[in-house]
Amino acid sequence: MKSLSKEFFNRNTVRVARDLLGKIIEYKGASGMIVETEAYRGYPDEASHAAKRTPRSAIMFDTHGFFYIYFVYGSYFCLNITTEEGQPGAVLIRALQPLRGIRMMAGRRGVKTGKNELSRKQLVNLASGPGKLCQAFGLTKALNNTAVGGRIKVYSSGLKKFRVVKTTRVGIKKAVSLEWRFYIKDNLFVSRG
DNA sequence: TCTCAGATCGTCT
DNA sequence: GACGATCTGAGAT
């Protein structure tokens with residue numbers, strides 16, 4: 001299967017966030033379907049990394065179709081894909097539905113499986129959050145600034161029939177923030193954050 | 001040098 | 001569901 005082209009990401013960030021739902025991410029034999037995304041653009045979204053150019057966030061200003069992976073809260077990584085040329089932006093991948101390499105993911109997440117299948121709750125918990133999915137897939141800052149289709153692939157699954165929920169929140173945190181979050185309705189694997 | 005973070009998990013109610 | 005502890009690094013001053 002062919003990875004999405006770089007041009008797929010050279011569009012309005014909110015549109016890309018919506019269109020990434022249902023796509024497949026694959027890395028080192030593990031794969032999962034994207035079920036939740038969040039769009040981040042530049043000013044006036046002051047809470048976004050794209051609001052201000054810093055050495056860390058420069059990738060959001062300079063590229064599209066590249067992975068932006070940053071470290072948060074001293075423990076976790078967040079996976080983003082940069083978008084739209086000429087405008088800082090990125091889409092945060094918030095949750096994945098695990099498809100392949102589930103035992104591997106469980107191992108990385110410290111889930112004890114033994115010989116039994118994972119319980120439904122354990123399976124849902126593998127990648128139902130930005131930090132969890134990076135841990136499950138073994139994604140770290142070492143993969144920051146790599147192109148989509150390189151070490152990490154993003155495929156179209158062909159899945160089209162699902163209902164999308166769009167949420168917009170204004171004024172979260174201390175800063176003025178616009179937030180566009182999309183998730184596949186009724187999907188068990190979306191995060192609750 | 002200092003502050004605080006786009007999250008997670010365990011505990012409590 | 002609510003809340004607190006966690007703990008490293010980026011960015012501000």
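Chain letters run A, B, ... following the sequence lines, proteins first, then strands; residues in each count from 1.
Note on A:Phe71: it clusters hydrophobically with A:Ile93, by side-chain heavy-atom contacts below 4.5 Å among ILVMFWY residues. Clustering ILVMFWY residues whenever any of their side-chain heavy atoms sit less than 4.5 angstrom apart, transitively, puts A:Leu118 in the very cluster that holds A:Val124.
The stretch residues 127-145 of chain A participates, sequence neighbours left out, in no salt bridge (Lys or Arg N to Asp or Glu O under 4.0 Å) pair at all.
Between atom CD1 of residue A:Ile81 and atom OG1 of residue A:Thr63 there is a gap of 11.0 Å, rounded to the nearest 0.5 Å.
Going from atom CG of A:Leu92 over to atom P of B:dG6 covers 10 Å, rounded to whole Å.
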Protein-proximity profile, nucleotides 8-13 of chain B, B/S/- by nucleotide at the 4.0 Å heavy-atom cutoff, equals SS----
Once base and sugar-phosphate atoms are separated, protein heavy atoms under 4.0 Å mark nucleotides 8-13 of chain C, 5' to 3', with B, S and - as BSSSS-
Parsed dot-bracket for DNA chain C after applying the Watson-Crick and G-U rules with both distances under 3.5 Å and | for other-strand partners is ||||||.|||||.
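For the residue pair A:Asn125 and A:Gln122, no side-chain donor N or O sits within less than 3.5 Å of a side-chain acceptor on the partner.
Here A:Arg15 pairs with A:Asp19 under the salt bridge (Lys or Arg N to Asp or Glu O under 4.0 Å) rule; sequence neighbours left out. Qualifying side chain to side chain donor-acceptor pair (under 3.5 Å) partners for A:Tyr68, counting only residues two or more places apart in sequence or in other chains: A:His49.
When each of A:Arg18, A:Arg94, A:Lys166 is checked for a salt bridge (Lys or Arg N to Asp or Glu O under 4.0 Å) with A:Glu38, only A:Arg94 meets the rule.
Taking the C1' atoms as reference points, C:dG4 lies 16 Å from B:dC4, given to the whole Å.
Side-chain atoms of A:Leu21 and A:Phe182, non-hydrogen and from C-beta on, do get closer than 4.5 Å to each other.
A:Ser3 places a side-chain N or O within 3.5 Å of a backbone atom of A:Val154 that can act as its donor or acceptor partner.
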